[in-house]
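Structure first, commentary second.
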Protein chains: 2
Amino acid sequence: MVTIKDVAKVAGVSIATVSRVIHDGHQVGEACRARVKKVIAELGYRPNSNARALVSKTTNTLGVVTPKLSMPFFGSLASGVEKGARENNYKLLMSNSLYETKSEQEAIDSLRDHNCQAIILHSEYSDEKTLLKLAKEIPGLVLINRYMPAIANRCVWLDNVAGARQATDYLINRGHKNFAVITSIYQNGDPGFRLQGIRESLKTAGLQLAEAAIEESTANMEGGEQAVQALLNKGIKFTALLAYNDLMAIGAIHALFAAGLRVPEDVSVIGFDDLIVSRACRPRLTTMHYPVEEMASYATKLAIQLSDTSIEPESRTHLFIPQLVERDSVADAPHR
Amino acid sequence: MVTIKDVAKVAGVSIATVSRVIHDGHQVGEACRARVKKVIAELGYRPNSNARALVSKTTNTLGVVTPKLSMPFFGSLASGVEKGARENNYKLLMSNSLYETKSEQEAIDSLRDHNCQAIILHSEYSDEKTLLKLAKEIPGLVLINRYMPAIANRCVWLDNVAGARQATDYLINRGHKNFAVITSIYQNGDPGFRLQGIRESLKTAGLQLAEAAIEESTANMEGGEQAVQALLNKGIKFTALLAYNDLMAIGAIHALFAAGLRVPEDVSVIGFDDLIVSRACRPRLTTMHYPVEEMASYATKLAIQLSDTSIEPESRTHLFIPQLVERDSVADAPHR
DNA sequence: TTGAAAGCGCTAACAT
DNA sequence: ATGTTAGCGCTTTCAA
């Protein structure tokens, strides 16, 4: 391994000078700087980032904590963070939290051990107190996909209520009057907000949504299928179905066809997230685009900025709005 | 920040003793050990991993380099690595190579700066010489999804030829005689091997595969659609379609239905990879399961093992075999 | 403009 | 069983 000492020796200068050259310090003579640079290149010297971190307490390392990377949504999130990290010349440490408070905490701790001052956290299950405490300790902590008023300027989140309203309004404008909703059994966070948006829109339009027309299940394809089967078994009549997310929507489409109902002719279905799967099903899914990757890049830059405590943080929050993506799973309400 | 010194002072011992307690050294008195442990807990002390890395030259850090995390396949790969890393108590550094030799090299270099001796590399575009050189320099480097005889024991890969043969044989056994293939324009690596497998099977069965029945396109849904349209436009007749991967297969299904052909009644379609999308399309896609996540975990353990140069490496390679997953996109060949 | 030297937090000989 | 001490590779005063 080539160290700064080796470079210094070969270049015939002190290690301090080498260090200065590396850091573009302008207090080095031209000739000297050129010589050192040449030696660095020749020897293929690369500074040891651990040593650097140890003394300077700054690592140019950024951490992400997401529940599970194998889920496309989180893969996109990670990809956005990676992009932001690369653009700012930061390294990326990654940890799965596996949907548990305990492992989430471990993941965060391990990132802190590595001195990364900028952390992007996607937390669904930790309580506000824990998060607040963490935020206090880590200036460069940014929450993605969660809003807490006390640290509003460190939250990068999506307006789920507005998104759900937009989806619902779209269906209403297409003439639908009979709605059903399939949502997640876990009503904390996103599912709750999306349901709220649906309710608001329906109410504004003077439309009913019977409790029986709301079916809860797991937030995946199987859950979507089961929820629709349950709806059908209960004899609920609907021409428009709002799903908590794309996965449930796709499961729903499968179940609908299996029951002899056509999408969108008999039932219109709308999803949420705009994952790649939404272009894989047939009909292609109309859905709300969740700009995760963009949000993640944004959050990364924000986290890096905030980790520099010498800069006064802005006080605004960072709210993104989902966009409707029209594909083929929604049609006008069928005539009676 | 709590350091080892603080702990030592509070516990009334030397830092060496604290260090020993941390490392479960058995040369510490019971009483003393208990006291130190208590102080560590009280103070919330966590060893600084940079300092540790600096002196011990071992970081318990593992790096992965994949082209692009937002693609589900690589998300799964990363997830598998993460699992392996967590189980071995390793931290995970991640870098996208963006499908380019240059950024791939940068990604690797940045991992090395961080002293991570174990690296999982998914490389499609670097040439063998570069890789070989790298392998020589980094004992803990493992190649995933690529085979190089010279470092066979450090390759974790999939038998693409066998997989493609299995898929083809399955179709043959279902009575199909008229085949078409859609593959990637880039024929290096996987696509080439899969095509080879298809050719071998067909030949063995005494079946023809006209060059015109092989269409190249980009390896995604759009590519799949275009390829099938091209096939149809050329007037190629086929009852069985082998796609390079799931994405192309799904695009193909869309194009087939758009052309008034039913899957699987008129045309059977088979994919490769078994991504989540393969369960999203309708009919659900019959495909070859690529155990990426499992392979990635395996590769991780292997990399960690190899990075310990005191252990004599085994000489065998690490070959995985894809499994057929029967879903609904394949049927018996239609009668004439 | 350049160098000498202190020390970041930790591990691992070497002493005791 | 426990303490002392010498660095790991680097940044950063302080001096020259």
Side-chain angles (χ1 to χ4, degrees), chain A residues 1-37 39-40 43-61 91 109-117 308 310, chain B residues 1-40 43-61 91 109-110 112-117 308 310:
Chain A
M1 187 195 201
V2 185
T3 73
I4 198 170
K5 265 188 189 166
D6 301 324
V7 176
K9 200 183 298 171
V10 175
V13 295
S14 73
I15 60 167
T17 300
V18 177
S19 181
R20 284 187 193 106
V21 170
I22 293 165
H23 292 88
D24 257 350
H26 273 233
Q27 29 212 29
V28 183
E30 265 321 311
C32 179
R33 136 180 282 97
R35 188 155 32 94
V36 171
K37 278 198 168 171
V39 174
I40 287 178
L43 264 46
Y45 166 71
R46 314 206 88 217
N48 178 316
S49 58
N50 292 117
R52 189 176 264 183
L54 182 59
V55 45
S56 67
K57 263 120 187 53
T58 162
T59 50
N60 270 30
T61 299
K91 319 278 177 312
D109 285 343
S110 106
L111 294 181
R112 295 177 71 188
D113 292 350
H114 274 253
N115 262 348
C116 56
Q117 326 87 319
D308 179 352
S310 68
Chain B
M1 189 196 202
V2 185
T3 73
I4 198 171
K5 265 189 187 164
D6 301 325
V7 175
K9 200 183 297 171
V10 175
V13 295
S14 74
I15 59 167
T17 301
V18 178
S19 183
R20 284 188 194 104
V21 170
I22 293 166
H23 292 90
D24 257 351
H26 273 232
Q27 26 211 26
V28 183
E30 266 320 310
C32 180
R33 138 182 279 97
R35 189 153 33 93
V36 171
K37 278 199 168 171
K38 187 154 154 279
V39 174
I40 287 177
L43 264 44
Y45 165 72
R46 316 206 86 219
N48 178 317
S49 58
N50 293 116
R52 187 176 269 184
L54 182 59
V55 44
S56 66
K57 262 123 185 56
T58 160
T59 52
N60 269 30
T61 298
K91 319 281 177 308
D109 284 344
S110 107
R112 297 177 70 187
D113 292 349
H114 273 253
N115 261 348
C116 55
Q117 327 86 321
D308 180 352
S310 68

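Chain A is the first sequence line, chain B the second, and so forth, proteins listed ahead of strands; every chain is numbered from 1.
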Q. Could you run down nucleotides 11-16 of chain C 5' to 3' and tag each one B, S or - for protein heavy-atom contact under 4.0 Å?
A. BBB---

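- Side-chain atoms of A:I22 and A:R52, non-hydrogen and from C-beta on, do get closer than 4.5 Å to each other.
- Take A:R112 and apply the salt bridge (charged side-chain N to carboxylate O under 4.0 Å, His left out) test, not counting sequence neighbours, and it matches A:E137.
- Qualifying side chain to side chain contact (heavy atoms under 4.5 Å, CB included) partners for B:T59, counting only residues two or more places apart in sequence or in other chains: A:N50, B:A53, B:T61, B:N115, B:C116, B:Q117.
- Note: B:H114 NE2 to A:H114 NE2 = 9.5 Å, rounded to the nearest 0.5 Å.
- Residues from residues 27-36 of chain B with heavy atoms under 4.0 angstrom of DNA chain C: there are none.
- Taking A:N60 as the reference, nothing meets the side-chain hydrogen bond (donor to acceptor under 3.5 Å, both in side chains) condition, with sequence neighbours excluded.
- Counting only heavy atoms from C-beta outward, the side chains of B:I15 and B:T3 never approach each other to under 4.5 Å.
- One atom, CG of A:D24, and another, C1' of C:dT1, lie 16 Å apart when rounded to the nearest Å.
- Every residue was checked against the side-chain hydrogen bond (donor to acceptor under 3.5 Å, both in side chains) condition with A:R35, not counting sequence neighbours, and none meets it.
- Among residues two or more places apart in sequence or in another chain, the side-chain hydrogen bond (donor to acceptor under 3.5 Å, both in side chains) test is passed with B:N48 by none.
- In this structure, A:N115 atom CG and C:dG9 atom P are separated by 10 Å, rounded to whole Å.
- Chain A approaches DNA chain D over the interval D:dC8 to D:dT13, counting the first and last nucleotide 5' to 3' with an atom under 4.0 Å from its heavy atoms.
- Residues satisfying the side chain to side chain contact (heavy atoms under 4.5 Å, CB included) test with A:S19, not counting sequence neighbours, are A:I4, A:H23.
- Among residues two or more places apart in sequence or in another chain, the side-chain hydrogen bond (donor to acceptor under 3.5 Å, both in side chains) test is passed with B:D109 by none.
- Put simply, CG on A:L54 and OG on A:S49 are 11.5 Å apart, with the number rounded to the nearest 0.5 Å.
- Distance A:N48 CG to C:dC8 P: 18 Å, rounded to the nearest Å.
- Residues satisfying the side chain to side chain contact (heavy atoms under 4.5 Å, CB included) criterion with B:V28, sequence neighbours excluded, are B:T17, B:R20, B:V21, B:C32, B:R33.
- Atom NZ in B:K5 sits about 10 Å away from atom P in C:dC10, given to the nearest Å.
- Axis angle, first five pairs versus last five pairs of the helix from C:dT1-D:dA16 to C:dT16-D:dA1: 40°, rounded to 10°.
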